[in-house]
Amino acid sequence: MVLRLYNTLTRQKGDFQPIDPSNVRMYVCGPTVYDYAHIGNARPVIVFDVLFRLLRHIYGPDHVTYVRNITDVDDKINARAAERYPELAPEAAIRKLTEETAAQFHKDIAALGVLAPTVEPRATEHILEMVELCDTLVKNGHAYVAADHVLFDVSSMPDYGRLSNRSLEEMEAGARVEVAPYKKGPMDFVLWKPSKPGEPAWPSPAGIKVPGRPGWHIECSAMSWKHLGKVFDIHGGGIDLTFPHHENEIAQSRCAHGTPVMANLWMHNGFLQVEGEKMSKSLGNFITIHELLEDGWPGEVLRFNMLRTHYRQPIDWTKKSLEESARILDSWRPAIETANGNAPAQSVIDALADDLNTPAAIAELHKLANAGDPGLGSTLRFLGFSGETLRAKAEKQAETAGAMADRVAPLIAARLEARKRKDFAESDRIRDELSAMGIALKDTKNKQTGEIETTWEVMR
RNA sequence: GGCCACGUGGCGGAGUGGUGACGCAGCGGACUGCAAAUCCGCGUACCCCGGUUCAAUUCCGGGCGUGGCCUCCA
């Protein structure tokens with residue numbers, strides 16, 4: 001089968017051809033662990049999980065290597081650690097923060113139904129590779145040392161800017177940032193910088209005497225190199241990373257390894273808004289995965305809601321949409337739970353094979369559901385809907401129901417009595433009373449006896 | 001200011017050079033004492049202005065609008 005994917009490098013869809021079909025290699029930029037992951041962070045996690053599942057389906061589960069890193073060295077981390085744990089020594093505070101945040105991240109995304117990546121490397125475990133990259137780049141003339149920094153010389157790379165489709169002249173003309181005096185060119189970026197007291201520090205590359213720490217960007221070049229090689233198949237991340245992060249990764253990796261590309265295919269997921277507005281802390285609409293889960297949204301509902309929009313489109317994250325997702329998924333829960341382990345429906349695979357068209361795939365799921373196709377459940381499971389978080393939610397509701405049963409049962413009995421004697425005013429009054437308690441009734445006629453039977457549930 | 005996306009019915013959201021998915025909501029019907037749930041059926045859309053074409057929502061140009069990047073934010 002043909003998998004077609006949109007490539008940011010070429011700005012068009014193309015047939016996916018892995019370098020080695022027995023080992024398809026994908027790298028996705030993971031979180032910088034300094035705070036709760038927000039719902040925007042969840043998007044690439046979910047989107048590339050779907051791609052991972054699709055690749056495993058096509059090439060075999062043992063023939064796909066998915067690397068998603070954790071960046072645990074960064075200015076934001078240092079600042080947050082000092083702020084949150086002022087009583088600890090910097091090193092201990094940083095370790096505590098990164099470990100806690102990484103654990104929280106894992107907990108959050110576990111609810112989203114994502115498979116573990118094949119490898120989840122940490123930046124701090126790849127300092128030696130970063131140092132080696134710096135040394136190589138200085139040696140081959142693509143980087144220079146200035147003021148104890150190692151800087152990448154963008155003028156040494158003729159097609160710098162190809163991914164984000166911008167030229168050096170353009171960028172320099174539009175630059176608003178003050179240029180550090182030690183830079184040769186205004187767009188040169190930091191590969192390595194000296195550490196101030198209290199900051200994480202390692203022996204520096206390129207003969208620099210003072211200890212230092214890596215710049216942004218370099219960690220991904222190091223980790224992808226180590227785990228996937230100098231050139232690999234797919235590199236993914238949020239669209240905001242296109243520039244400068246990915247552009248600079250490309251520059252470092254290609255110039256260090258002398259390769260024409262870093263990854264053949266670059267994929268970027270679109271941005272997310274909240275209730276029609278940009279998500280930002282100042283607007284107070286910053287939503288973390290953790291909060292949504294705490295509010296009682298099953299992780300699978302978050303996952304489904306995310307996949308209802310194509311990954312490259314902007315998505316407007318709204319409560320209304322979440323509610324709709326929850327309703328749909330609830331109606332499919334029985335199918336998930338009785339799934340027979342069959343292969344996923346081909347119509348859904350075909351939709352995904354067209355640049356991960358998850359909305360079209362979901363439309364196909366609806367068609368399966370409407371046709372009563374038994375393949376619905378197994379296809380949903382394939383897509384990462386195990387039913388676990390839905391069941392957990394249902395059990396919680398059942399618990400609430402259990403606690404209310406003593407109060408509800410007599411009312412229902414009284415209502416049935418009232419109905420029998422055709423006292424509908426009383427019957428409706430009781431129904432309203434239950435409704436006010438958050439109880440929804442369902443009347444069904446028993447086919448054998450012809451009796452009306454009433455079931456009830458706690459409203460969402 | 002430069003670069004880049006996007007603009008489809010009440011809402012969400014695919015797709016296509018020529019019979020305009022799918023879901024939610026809505027409407028009609030069945031069922032019901034009435035509802036809810038369920039089942040059956042139904043309608044409505046391609047931002048604006050030009051151009052190319054036998055034919056454009058789909059291609060091209062311009063405009064307007066929204067969003068993103070250029071500020072270590074996915």
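Per chain, numbering begins at 1; letters A, B, ... match sequence-line order. As a basis for the values below, the full set of heavy atoms in this structure was taken, side chains included, without hydrogen atoms, waters or symmetry mates.
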Chemist: Rounded to the nearest angstrom, tell me the gap between atom CD in A:Q273 and atom P in B:A5.
Modeler: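 A:Q273 atom CD is separated from B:A5 atom P by 18 Å.
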Chemist: I'd like to know if the side chain of A:H38 reaches the main chain of A:G40, judged simply by a donor and an acceptor atom lying under 3.5 Å from each other, with no hydrogens or angles considered.
Modeler: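 Side chain of A:H38 to backbone of A:G40: a pair is present.
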Chemist: Have a look at A:K442 and say if it touches a base, only the backbone sugar-phosphate, or nothing, with a 4.0 Å heavy-atom cut-off.
Modeler: base
Chemist: Kindly compute the distance separating CG (A:N305) from CD1 (A:I315), expressed to the nearest 0.5 Å.
Modeler: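 The CD1 atom of A:I315 is 6.0 Å from CG of A:N305, to the nearest 0.5 Å.
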Chemist: Which part of the nucleic acid, if any, lies within reach of A:N357 when heavy atoms closer than 4.0 Å are counted: base, sugar-phosphate only, or nothing?
Modeler: sugar-phosphate
Chemist: Both A:K367 and A:D443 contact RNA chain B. Which one's nearest nucleotide lies toward the 5' end?
Modeler: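 It is A:K367 whose nearest nucleotide is closer to the 5' end.
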Chemist: In whole angstrom, what separates A:D428's CG from B:A36's P?
Modeler: 12 Å
Chemist: Over all strands shown, is A:K420 touching base, sugar-phosphate only, or nothing at heavy-atom distances under 4.0 angstrom?
Modeler: nothing
Chemist: Starting at atom CD of A:E453, determine the distance to atom P of B:A37, rounded to an integer number of angstrom.
Modeler: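 One finds 20 Å between P of B:A37 and CD of A:E453, rounded.
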Chemist: How far, in whole Å, is B:G43 from B:G51 if one measures between their P atoms?
Modeler: 34 Å
Chemist: Could you measure between the two C1' atoms, the one in B:A74 and the one in B:C42, and give it in whole Å?
Modeler: 42 Å
Chemist: For a quick test of reading the model: is some side-chain N or O of A:N370 closer than 4.0 Å to OP1 or OP2 of B:G23?
Modeler: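 Answer is yes, contact under 4.0 Å.
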Chemist: Once you round it to whole Å, what is the distance between C1' of B:C70 and CG of A:N248?
Modeler: 12 Å
Chemist: Counting only Watson-Crick or G-U wobble pairs whose two distances fall under 3.5 Å, which nucleotide matches B:G18?
Modeler: B:C54
Chemist: Give one of base, sugar-phosphate or nothing for A:R312, where a contact means two heavy atoms less than 4.0 Å apart.
Modeler: nothing
Chemist: Taking atom C1' of B:A36 as reference, at what distance in whole Å does atom CD1 of A:I439 sit?
Modeler: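 Taking atom C1' of B:A36 as the reference, CD1 of A:I439 is at 14 Å.
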Chemist: Determine, answering yes or no, if A:F271 is stacked on B:G67 under the 5.5 Å centre rule and the 30° plane rule.
Modeler: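 Not stacked: fails the 5.5 Å / 30° test.
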Chemist: Can you tell me how far apart CH2 (A:W332) and CD (A:E337) are? Round to the nearest 0.5 Å.
Modeler: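 Result: 15.0 Å between the selected atoms.
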Chemist: Under 3.5 Å, is there a donor on one side chain and an acceptor on the other for A:D108 and A:Y36?
Modeler: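 No, no side-chain donor-acceptor contact under 3.5 Å.
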Chemist: Between C1' on B:A5 and CZ on A:R11, what's the gap in Å once rounded to a whole number?
Modeler: 9 Å
Chemist: Describe the nucleic acid contact of A:S427 in one word from base, sugar-phosphate, nothing, applying a heavy-atom distance below 4.0 Å.
Modeler: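 Answer is base: heavy atoms of A:S427 come under 4.0 Å of a base.
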Chemist: Counting any heavy atom closer than 4.0 Å, what does A:H38 reach on the DNA or RNA strands: base, sugar-phosphate only, or nothing?
Modeler: base
Chemist: Using the C1' atom in both, what is the distance from B:A30 to B:A37, to the nearest Å?
Modeler: 14 Å
Chemist: For B:C72 versus B:U58, give the span between their P atoms, rounded off to a whole number of Å.
Modeler: 38 Å
Chemist: Please name the nucleotide paired to B:A5 by Watson-Crick or G-U wobble geometry with both distances under 3.5 Å, or report none.
Modeler: B:U66
Chemist: Which part of the nucleic acid does A:S321 contact within heavy-atom distance under 4.0 Å: base, sugar-phosphate only, or nothing?
Modeler: nothing
Chemist: Going from CH2 on A:W192 to OG on A:S204, what distance comes out if it is rounded to the nearest 0.5 angstrom?
Modeler: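 If we round to the nearest 0.5 Å, A:W192:CH2 and A:S204:OG are 5.5 Å apart.
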Chemist: What is the distance from CG of A:D75 to P of B:C72, rounded to the nearest Å?
Modeler: 10 Å
Chemist: Name the orientation class of the two ring planes belonging to A:H217 and A:H245 (parallel below 30°, tilted from 30 to 60°, perpendicular beyond 60°).
Modeler: tilted
Chemist: Any strand is fair game: report the nucleotide pairing with B:C24 by Watson-Crick or G-U wobble, both distances under 3.5 Å, or none.
Modeler: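 B:C24 is paired, partner B:G10.
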Chemist: Applying a 4.0 Å non-hydrogen cut-off, can you work out what A:Q313 is touching in the nucleic acid: base, sugar-phosphate, or nothing?
Modeler: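 The residue A:Q313 makes sugar-phosphate contact but no base contact.
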Chemist: Name the nucleic acid region contacted by A:G40, choosing base, sugar-phosphate or nothing; use a 4.0 angstrom heavy-atom cut-off, strictly under.
Modeler: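 The answer is base, as A:G40 lies within the cut-off (heavy atoms under 4.0 Å) of a base atom.
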Chemist: Does A:N78 reach a base, just sugar-phosphate, or nothing at all? Heavy atoms under 4.0 Å.
Modeler: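 No contact.
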Chemist: Between atom CG in A:L272 and atom P in B:G68, what is the gap in whole Å?
Modeler: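 Computing the A:L272:CG to B:G68:P distance gives 11 Å.
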Chemist: Scan every strand shown for a Watson-Crick or G-U wobble partner of B:U38, both distances under 3.5 Å, and answer none if you come up empty.
Modeler: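 Partner of B:U38: B:A30.
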Chemist: Please work out if A:R43 contacts a base, only the sugar-phosphate, or nothing of the nucleic acid, heavy-atom cut-off 4.0 Å.
Modeler: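 Here A:R43 touches no strand at all.
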Chemist: Once the angle between the rings of A:F189 and A:F152 is folded into 0 to 90°, is it parallel (under 30°), tilted (30 to 60°) or perpendicular (over 60°)?
Modeler: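 Because their plane-to-plane angle is under 30°, the rings of A:F189 and A:F152 count as parallel.
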